[in-house]
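To start, the structure itself, in structure tokens.
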Amino acid sequence: MIPRMTTIGTLKGYRYNLNRSGFNMSNSMNKVLTGRNFNTYAEDPALATRCFQLRRSYLRTSSQLTVNESVARKYDVAWKASAEISLDIDTVSNDNTFTSLLRGISDSTASGRNALGQSMVAKAKNIAQIMNGRYGENYIFSGADTLNVPFTWETRTNPDYIDPALAAKDPTNPDYAAAFQYLGVGGVPTNNIDEAERVAKINPDADLTQPNGPGNEYYLNVNGEPVEDAADAEIVPNENPAYNENSAYKYLKIDGTGTNDEKRADMTLYYRGVPVDSMDPADQEKLRYFTQDEKKYVDIGLGYKEVDGEVVGSSVSNVALQGIYYLGGYGTTEKEITLTDADGNSRTVKAEVPNNIVSVTYRMGQILQNCDADSGKFASDAERDEFMVLAHQFEDVSSKVKQRYAELDTEASFLHDNVDQLTDTAESLEQQFLALEDADPAAAISEYMFAKYCYDTALKVGNSVLSQSLMDYMNF
């Protein structure tokens with residue numbers, strides 16, 4: 001059956017075809033202007049879905065790449081710091097801590113032990129300062145707490161110290177009597193010798209149970225000779241028998257004796273607020289947690305995975321670098337060695353020595369500083385033996401430090417390799433979704449030209465149809 005041709009039907013068909021041609025031309029023009037195959041999800045749902053999946057993978061990979069690059073740069077800085085320390089403690093290089101150690105042992109350079117001691121103390125403090133390095137605003141070797149300095153030195157204070165000014169304010173204070181060296185008139189305690197009551201010097205060998213007994217020489221004269229008559233005795237300040245001599249010193253030196261000079265006081269190394277060489281169980285537990293259990297994970301594209309709410313360690317990277325671990329460890333160890341003298345006689349000596357390279361170096365420097373300034377003789381045989389034990393410990397700990405430096409080097413190399421891999425993956429994903437989204441310029445222009453030709457043709461046909469249809473209508 002032939003459809004009936006009418007003017008209205010012809011106009012409807014023409015308008016439909018003309019609009020379709022215009023729509024196609026508009027889409028082709030947008031493709032040329034934007035350079036994209038589609039601009040909305042509705043234009044091509046299948047292609048848009050595929051592009052979305054590729055872009056999501058690309059964004060995840062880009063994020064992992066950014067994190068990985070930041071971690072790699074942090075490890076580079078850590079590696080350089082560890083390399084500097086490793087070189088300074090190298091047992092085969094010259095002009096380093098180990099060279100100073102050997103010179104300290106040798107009797108031929110004994111006169112320079114004080115200077116060597118100062119150098120070793122300075123090197124120990126320098127190592128600690130290197131470990132306090134930063135990457136940006138964060139400390140590198142401070143574990144998960146990157147905002148606070150990891151290593152600090154604190155002066156060794158005297159636990160028996162009593163502040164006389166505070167004790168004097170409260171006579172009921174138990175430290176009141178022990179804080180004053182002398183007794184003034186009326187038994188009032190004082191540390192001013194000019195305020196002390198003057199008394200005859202008592203003979204400590206006199207029989208005090210029989211005062212003024214026949215032949216009892218109760219006093220001592222200025223020559224330290226016993227005399228019977230108090231008038232012949234030496235007059236001295238009245239000392240306070242309750243006085244605690246140790247309480248007068250605010251600090252302690254390395255040998256445990258007191259001093260009020262902070263520069264001569266012993267120093268203690270702390271890691272994140274915990275004394276590194278402490279054997280206190282509470283301190284040991286904190287340091288064990290830092291070096292073994294504390295983690296700070298980041299996703300660098302290793303296949304992040306969780307099991308029962310716990311992150312699988314192999315699927316992430318732990319960036320909590322514990323400075324005390326890279327210095328050899330914490331606490332102390334009782335080390336025993338055998339020494340042989342020039343005559344071939346052997347003897348065994350032992351000492352409690354630190355497990356980290358900074359404390360070992362610092363302790364050796366202090367011992368050398370205690371040597372006689374002229375002859376270089378050690379302050380005591382015990383300190384010489386301790387120095388020899390520390391020398392052996394230095395070799396053991398330095399070997400461990402260099403081993404852990406090698407671990408850091410391996411990790412840094414892995415991170416750089418992973419950066420290259422993630423970069424390649426990101427570029428591949430980008431090329432894939434761009435190939436789907438971006439239009440070929442030549443093809444887009446050709447498509448536009450063809451659509452424009454169709455549209456122009458539709459207009460020309462329309463002019464002919466409309467003219468004839470109008471004439472037909474007028475004739476009718």
Side-chain angles (χ1 to χ4, degrees), residues 30-31 33-82 133-148 290-322 325-326 407-441 443-444:
N30 286 335
K31 185 180 292 187
L33 295 175
T34 62
R36 291 177 55 86
N37 285 321
F38 61 91
N39 291 298
T40 64
Y41 181 83
E43 291 181 28
D44 194 334
L47 193 60
T49 300
R50 177 59 180 156
C51 289
F52 171 76
Q53 293 172 340
L54 290 171
R55 277 189 173 274
R56 183 177 59 182
S57 298
Y58 171 77
L59 292 173
R60 181 171 60 248
T61 303
S62 297
S63 175
Q64 293 167 346
L65 176 59
T66 301
V67 173
N68 201 149
E69 287 177 336
S70 178
V71 174
R73 286 192 289 269
K74 174 182 177 179
Y75 268 76
D76 284 341
V77 178
W79 179 85
K80 290 178 181 178
S82 296
R134 290 185 179 186
Y135 170 61
E137 295 298 322
N138 298 319
Y139 290 99
I140 300 171
F141 291 103
S142 193
D145 180 16
T146 58
L147 299 179
N148 295 300
F290 291 152
T291 55
Q292 297 181 28
D293 296 337
E294 186 180 66
K295 310 293 181 183
K296 186 176 182 180
Y297 291 132
V298 293
D299 182 9
I300 58 171
L302 302 179
Y304 180 84
K305 183 179 181 181
E306 290 185 15
V307 176
D308 297 331
E310 294 291 332
V311 178
V312 178
S314 59
S315 67
V316 289
S317 176
N318 176 30
V319 297
L321 299 180
Q322 303 292 349
Y325 172 79
Y326 292 101
E407 294 176 8
L408 193 62
D409 181 43
T410 302
E411 185 68 20
S413 298
F414 167 76
L415 288 169
H416 281 287
D417 292 341
N418 199 52
V419 166
D420 295 337
Q421 181 180 347
L422 289 173
T423 301
D424 293 340
T425 302
E427 290 178 352
S428 176
L429 290 170
E430 184 179 24
Q431 291 173 1
Q432 290 181 57
F433 69 72
L434 288 179
L436 297 175
E437 292 179 352
D438 294 350
D440 180 23

Note, [X] side chain near [Y] side chain (heavy atom, < 4.5 Å):
| X | Y | result |
| --- | --- | --- |
| L415 | D76 | no |
| V419 | L65 | yes |
| E310 | V307 | no |

Assess whether atom [atom1] of [X] is packed by more than 12 heavy atoms of other residues, nucleotides or ligands within 6.0 Å.
| X | atom1 | answer |
| --- | --- | --- |
| E137 | CD | no |
| K295 | NZ | yes |
| F414 | CZ | yes |

Rounded to the nearest 0.5 Å, what separation is found between the [atom1] atom of [X] and the [atom2] atom of [Y]?
| X | Y | atom1 | atom2 | value |
| --- | --- | --- | --- | --- |
| E411 | H416 | CD | NE2 | 11.0 Å |
| L429 | Q53 | CG | CD | 11.5 Å |
| R60 | S57 | CZ | OG | 4.5 Å |

**Asked** Which ring-ring contact (aromatic ring centres under 6.0 Å, His included) pairs, counting each pair once, include a residue from residues 295-320, with sequence neighbours left out?
**Response** none
For [X] and [Y], work out which heavy atoms get closest and say how close.
| X | Y | result |
| --- | --- | --- |
| D145 | N148 | OD2-ND2, 2.9 Å |
| E294 | A320 | O-CB, 4.3 Å |
| S317 | I300 | CB-CD1, 3.5 Å |
| S315 | L302 | O-CB, 3.5 Å |
| V77 | R134 | CG1-O, 4.1 Å |

Is there a donor-acceptor contact under 3.5 Å from the side chain of [X] to the main chain of [Y]?
| X | Y | answer |
| --- | --- | --- |
| N68 | G301 | no |
| T146 | S142 | no |
| Q322 | T291 | no |
| S428 | D424 | no |
| K74 | N138 | no |
| S63 | L59 | no |

**Item:** CA sep, side-chain torsions, deciding dist, call: E407, T410, side-chain contact (heavy atoms from CB on, under 4.5 Å)
**Value:** CA-CA 5 Å; E407 294 176 8; T410 302; 5.7 Å; no
**Item:** ring pair (Phe, Tyr, Trp, His ring centres under 6.0 Å) partner of F141, the single match among Y326, Y135, Y75
**Value:** Y326
